[in-house]
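Read through the structure below, which is laid out as structure tokens, and then see the notes.
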Number of protein chains: 2
Amino acid sequence: MGVTCTLKHCGNKTYYCNVELTLQVIGGKWKPIIMYRLGDGGTLRFSEVKRSIPNISQKMLTQQLRELEADGVVHREVHPQVPPRVDYSLTELGKSVMPVIESLSRWGRRYEDWANRQDSGHEARGAASAVL
Amino acid sequence: MGVTCTLKHCGNKTYYCNVELTLQVIGGKWKPIIMYRLGDGGTLRFSEVKRSIPNISQKMLTQQLRELEADGVVHREVHPQVPPRVDYSLTELGKSVMPVIESLSRWGRRYEDWANRQDSGHEARGAASAVL
DNA sequence: CGGTCCGGTATCTTTTTGGTGACTATGGCA
DNA sequence: TGCCATAGTCACCAAAAAGATACCGGACCG
């Protein structure tokens, strides 16, 4: 009771609750990290973002950045030069997701702590309070 | 700079940043809604959760609930009856993700507003302020 | 005897997501 | 002349996630 679960639409997206909407925009394997980097670094060019995220393939980075752009959270600026130069930055809307990302990050740390306590509680009798 | 991007482990999970960890626990298509329902309803039995989420298949609900249980955010209690009765509720750790989910939800509403403004700005000249 | 209820499994198919390698354009440089 | 750098694209493949469907157990009810 309380929460209805009706299907809603917003642009090209379909969702049941706002949480789902949010995750469609900033969720997935790479988007949070990309936004985190842009929130941290201000304006970065493609290769800078790429370097800051080892393991991401060029295809995925391009794809995710384009989606973020399409969703209005990232600004893409092409400088018609050779070799090409493309700058990425957060839009105002994009900046507004930073607190959300921080909220996710804080809980991640909390979970990490919790999981480590579980481990040591179950087995380790040495290595007491060492949070290395 | 600032943020390193080293691979970390936590139990069975592999991640680069805490945001990713969090999303591995509470992300995905169904988990946020499930937790939202449990946060709202307190203790619910399987069929109650299912009814509150149209469109979820039994398989997905079982699967997601089990993962949430394995990750320590949901408590599962089996009553050995016939027909079977299984109750689900949030653990303390689980309750601690509610603010995160609310944060996601709030931003979703914000995005919704923004997207609607985009639409009306671009086209609609009739149907002015009608938010039906 | 047959059906209903509840909370599942098991199996298969479809969809989504991620990943690789090859290819491109163009100015500058040796 | 030929190669480098940058930021892509495209075709293709593999893996993971999600979905559809069928089946199960066992008390109880008629």
Side-chain angles (χ1 to χ4, degrees), chain A residues 5 7 12-17 19-21 23-34 37-38 41 43-71 74-89, chain B residues 5 7 12-17 20 23-34 37-38 41 43-71 74-89:
Chain A
C5 197
L7 196 56
N12 49 85
K13 304 194 188 327
T14 297
Y15 57 102
Y16 290 97
C17 68
V19 176
E20 223 183 318
L21 214 209
L23 289 178
Q24 283 184 32
V25 178
I26 63 157
K29 187 170 177 181
W30 301 112
K31 286 177 182 174
I33 318 176
I34 293 172
R37 293 289 179 277
L38 291 175
T43 296
L44 298 175
R45 52 188 300 187
F46 185 85
S47 53
E48 289 174 321
V49 181
K50 181 147 184 8
R51 258 194 303 277
S52 79
I53 309 176
N55 309 80
I56 196 172
S57 65
Q58 195 167 33
K59 173 192 157 190
M60 288 310 293
L61 184 54
T62 304
Q63 191 179 101
Q64 303 298 301
L65 280 169
R66 294 298 172 85
E67 287 179 20
L68 290 169
E69 188 197 5
D71 289 335
V74 157
H75 174 68
R76 177 169 181 264
E77 196 170 351
V78 182
H79 303 275
Q81 307 177 347
V82 167
R85 175 196 179 105
V86 182
D87 285 342
Y88 292 93
S89 56
Chain B
C5 196
L7 197 55
N12 48 84
K13 305 194 190 326
T14 298
Y15 58 101
Y16 289 98
C17 67
E20 223 183 319
L23 290 178
Q24 284 184 30
V25 178
I26 63 157
K29 186 169 179 181
W30 301 112
K31 287 177 182 174
I33 317 178
I34 295 172
R37 293 290 179 277
L38 291 176
T43 295
L44 298 175
R45 52 188 301 186
F46 186 86
S47 53
E48 290 175 319
V49 182
K50 183 150 182 6
R51 259 194 303 278
S52 80
I53 309 176
N55 309 81
I56 195 172
S57 66
Q58 197 166 31
K59 173 194 155 189
M60 288 311 292
L61 183 54
T62 303
Q63 190 180 101
Q64 303 298 300
L65 280 168
R66 294 300 173 83
E67 287 179 21
L68 290 168
E69 188 197 6
D71 289 336
V74 157
H75 175 67
R76 176 170 182 264
E77 197 169 351
V78 181
H79 303 276
Q81 307 176 348
V82 166
R85 176 198 178 103
V86 184
D87 286 342
Y88 292 93
S89 56

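All chains are named by letter (A, B, ...) in the order of the sequence lines, taking the proteins before the strands, and each is independently numbered beginning at 1.
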Steps toward side-chain contact (heavy atoms from CB on, under 4.5 Å) verdict (B:F46, B:Q58): CA-CA 9 Å; B:F46 186 86; B:Q58 197 166 31; 3.7 Å; yes

Any non-hydrogen side-chain atom of B:R45 less than 4.5 Å from a side-chain atom of B:H79? no

Between A:R45 and D:dT6, does any side-chain N or O lie under 4.0 Å from OP1 or OP2? no

Any side-chain N or O of A:R66 under 4.0 Å from OP1/OP2 of D:dT9? yes

Which sits closer to the 5' end of DNA chain C, A:Q58 or A:G28, going by the nucleotide each is nearest to? A:G28

Strictly distance-based, threshold 3.5 Å: is any side-chain N or O of A:E48 a donor or acceptor partner for the main-chain N or O of A:L44? no

To the nearest Å, how far apart are B:Q64 CD and C:dG8 C1'? 15 Å

Take the protein atom CD of A:Q63 and the nucleotide atom P of C:dT20, then report the distance between them rounded to whole Å. 14 Å

Of A:R76 and A:V82, the one whose nearest nucleotide on DNA chain D sits closer to the 5' end is A:V82

From NE2 of A:H79 over to P of D:dA5, roughly how many Å is that when rounded to an integer? 21 Å

I need the CD-P distance between B:E48 and C:dG8, as an integer number of Å. 13 Å

Of C:dG8, C:dG18, D:dG8, the nucleotide closest to the side chain of B:V86 is C:dG8

Give the nucleotide from the list C:dC6, C:dT9, C:dG19 with an atom nearest to the side chain of B:T62. C:dT9

Note: B:K13 and B:Y15 closest approach over all heavy atoms is O-CD2, 4.1 Å

Tell me the interatomic distance from A:L65, atom CG, to C:dG18, atom C1', rounded to whole angstroms. 16 Å

A:S47 side chain N/O closer than 4.0 Å to the phosphate oxygens (OP1, OP2) of D:dA7? yes

Between B:R85 and B:K59, name the one whose nearest nucleotide on DNA chain C is closer to the 5' end. B:R85

Scan A:K29 against the nucleic acid and name what it touches under 4.0 Å (heavy atoms): base, sugar-phosphate only, or nothing. sugar-phosphate

Between C1' on C:dG7 and CD on B:Q81, what's the gap in Å once rounded to a whole number? 12 Å

For atom CD of A:Q24 and atom P of C:dT16, their distance in whole Å: 12 Å

With a 4.0 Å cut-off on heavy atoms, is B:S57 in touch with a base, just the backbone sugar-phosphate, or nothing at all? nothing

Could you check how far CG of A:L23 sits from P of C:dT16, rounded to whole Å? 17 Å

Heavy-atom pair of closest approach, residues A:Q24 and A:T14: NE2-O, 2.9 Å

